[in-house]
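In what follows, a single structure is set out as structure tokens and then discussed.
Atoms within a ligand are numbered from 1 in the order they appear, just like the ligands themselves.
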Amino acid sequence: MWKKLEQSVICRRVFDALESNRNYIHEELIGVPASYLDPKVFSQDDSILNDAPYLTALVNNPNHIGCHTLDSSESFFAGTQEIERELIELCAVDILKSKPFECDGYVASGGTEANIQAIWIYRNYFMQKYNAEHRKITILCSEHSHYSMDKAANLLNISIHKVATNQDTHSIDPDALKNVIDQAKENGAEYFIVVANMMTTMFGSVDDVDLYAAELESASVLFKVHVDGAYGGFYYSFSNPENTLNFANKHVNSVTLDAHKMAQAPYGTGIFLIRKGYMQYATTKEASYVEGEDSTLIGSRSGANAISIWMILSKYGPNGWMEKIFILQKRTDWLCEKLNEQKVVYYRNPCSNIVTIKSSFVNPSLVTQFGLVPDNHSAPKWYKIVVMDHVTIEKIQPFLEQMTMSMITL
Ligand SMILES: *Cc1c(COP(=O)(O)O)cnc(C)c1O
């Protein structure tokens with residue numbers, strides 16, 4: 001599905017899609033509680049917008065409410081919904097190894113929403129299919145999992161059990177996993193919602209889905225696995241193509257990707273993907289004024305977000321994206337070589353662009369100057385560097401020099 005497209009083709013596709021939406025100016029549309037952006041405030045000057053498909057989409061302001069991979073959805077915005085549908089299929093098939101047309105999904109507000117959406121669906125699945133009580137359903141994830149899992153537990157009134165991680169790899173520890181599953185069962189848990197990390201926020205560490213699956217199978221409990229690829233989805237899928245955190249693995253049922261983390265998309269570009277047959281567990285039948293009802297957590301959302309991700313991926317194409325990740329990997333390798341020379345203690349998953357340095361090696365003045373991010377603002381044990389597009393060797397070099405200087409004076 002995924003092809004590199006010329007800029008002119010990308011432009012034409014987006015403008016055509018916007019034309020296929022119902023038009024507030026040229027048509028007799030008087031029933032929708034929505035319009036284009038206020039022209040007194042937001043310029044709608046053709047000379048600015050003619051070559052700017054994303055800005056035009058923002059100004060036209062299509063609402064992508066609902067999930068468009070299901071049977072029917074709001075017909076007013078059918079043109080741009082088609083781009084979102086294509087994007088979802090591209091991510092599921094070309095990035096996450098699903099067979100064609102076997103996944104549903106939508107562009108969510110972010111990774112937080114996509115993770116909560118997954119856990120909401122599985123909670124309802126266990127409740128509806130197995131008559132499970134809240135107290136028998138639990139979230140199982142790592143101590144380094146993103147705090148959106150704690151939000152989900154709180155909102156959905158289910159418990160959460162966290163697995164300690166291995167000191168060296170920062171991914172789930174097999175012995176700790178066994179113990180936590182036993183503990184959860186003692187606490188009354190019978191249904192497990194697993195969230196496996198494809199790069200954690202702090203360490204870029206990666207969990208072993210098959211380890212989770214094997215332990216839960218041997219514990220004879222029911223479980224569903226969600227992969228949190230908010231950080232890593234657009235990176236690790238390419239830096240480690242042999243990984244098993246995708247739909248080629250029968251245990252993986254849904255995945256979160258965030259285009260606004262590693263893919264340099266505007267905020268509001270989380271992506272939720274799930275095997276067909278599950279979205280319905282989050283359908284709100286009471287959403288009767290929305291055509292096709294609503295199976296998403298968010299409600300109204302901008303169609304421009306889906307368009308922005310589609311434009312980014314179409315501009316690069318699969319080979320261009322591989323090259324982009326390849327360059328970031330090389331730069332991260334270079335940084336780690338220098339840290340090794342200085343005998344600095346740090347963690348890096350070999351397929352990640354996150355380098356997390358032990359705080360004792362970093363002078364506090366460098367933290368502010370170089371905008372390093374701590375694991376914990378009150379008592380930092382680690383600081384991380386994330387090698388993004390703008391984090392060039394020219395910017396890393398002065399940091400290394402100053403770190404070496406401060407280590408000598410220490
Ligand atoms: C950032 C992040 C999230 C949350 O994503 P938002 O887009 O900030 O809501 C979830 N999981 C991981 C691993 C993340 O890094």
Side-chain angles (χ1 to χ4, degrees), residues 91 95-96 105-122 139-156 160 162-163 165 169-172 193-209 212 225-237 239-240 243 245-246 252 254-274 296-299 301-302 305-306 308-309 312 328 347-349 351-356 372-377 382-388 391:
C91 292
I95 300 180
L96 294 163
Y106 72 100
V107 175
S109 56
T112 297
E113 182 193 332
N115 287 340
I116 295 172
Q117 175 83 20
I119 296 168
W120 184 30
I121 287 176
Y122 300 135
I139 300 168
L140 182 64
C141 61
S142 119
E143 63 178 337
H144 293 318
S145 286
H146 186 262
Y147 67 88
S148 46
M149 268 44 87
D150 300 273
K151 286 186 180 174
N154 183 273
L155 284 165
L156 296 166
I160 180 164
K162 294 187 188 173
V163 188
T165 54
T169 66
H170 295 278
S171 61
I172 47 165
I193 300 170
V194 176
V195 181
N197 287 303
M198 185 199 281
M199 286 174 66
T200 54
T201 316
M202 194 59 209
F203 291 97
S205 51
V206 177
D207 294 329
D208 181 351
V209 173
Y212 269 122
V225 180
H226 175 71
V227 170
D228 183 1
Y231 226 111
F234 283 107
Y235 195 98
Y236 193 78
S237 307
S239 62
N240 185 7
N243 84 83
L245 291 131
N246 54 47
V252 172
S254 53
V255 181
T256 290
L257 303 174
D258 248 356
H260 60 221
K261 285 260 174 79
M262 294 299 172
Q264 292 172 270
Y267 287 107
T269 50
I271 301 176
F272 177 68
L273 299 159
I274 189 162
T296 70
L297 187 54
I298 183 170
R301 58 194 170 88
S302 173
N305 289 334
S308 74
I309 312 169
I312 291 170
L328 296 177
Y347 171 79
R348 177 208 180 188
N349 178 303
C351 297
S352 131
N353 60 338
I354 302 175
V355 178
T356 311
L372 306 184
V373 171
D375 56 339
N376 179 323
H377 280 273
W382 299 89
Y383 290 110
K384 72 172 167 179
I385 295 175
V386 183
V387 182
M388 303 282 296
V391 185

I'd like to check whether [X] has a polar contact with ligand 1, where a contact means an N/O of the residue lying under 3.5 Å from an N/O of the ligand.
X: G111; result: yes
X: E113; result: no
X: N197; result: no
X: T201; result: yes

If the cut-off is 4.0 Å to any non-hydrogen atom of [X], which atoms of ligand 1 fall inside it?
X: N115; result: 10 (C), 11 (N)
X: D258; result: 5 (O), 6 (P), 7 (O)
X: A230; result: 2 (C), 3 (C), 10 (C), 11 (N), 12 (C), 14 (C)
X: G110; result: 7 (O), 9 (O)
X: Y231; result: 15 (O)

inquiry  = Please determine whether any non-hydrogen atom of H260 lies less than 4.0 Å from an atom of ligand 1.
reply    = yes
request  = Select one of side chain, backbone, both or neither to describe which atoms of T112 lie under 4.0 Å from any atom of ligand 1, heavy atoms only.
outcome  = both
To the closest 0.5 Å, what do you measure between [atom1] ([X]) and [atom2] ([Y])?
X: D228; Y: M198; atom1: CG; atom2: CE; value: 9.5 Å
X: H144; Y: M202; atom1: NE2; atom2: CE; value: 9.5 Å
X: D258; Y: T269; atom1: CG; atom2: OG1; value: 6.5 Å

inquiry  = I need the minimum non-hydrogen distance between V195 and Y212, along with the two atoms involved.
reply    = O-OH, 4.0 Å
query = When the ring centroid of W382 is compared with that of Y347, is the distance short of 6.0 Å?
reply = no
query = Nearest protein heavy-atom contact for atom 11 (N) of ligand 1: which residue, which atom, what distance?
reply = D228 OD2, 2.6 Å
remark   = of all protein heavy atoms, closest to atom 1 (C) of ligand 1 is K261 NZ, 1.3 Å
I'd like to know if the side chain of [X] and the backbone of [Y] have a donor-acceptor N/O pair within less than 3.5 Å.
X: N353; Y: V387; value: yes
X: H260; Y: G268; value: yes
X: N243; Y: N240; value: yes

query = Looking at residues at least two apart in the chain, or sitting in another chain, which of them share a salt bridge (charged side-chain N to carboxylate O under 4.0 Å, His left out) with D150?
reply = K162
remark   = Among M262, H146, H144, the residue with a heavy atom nearest to atom 3 (C) of ligand 1 is H146
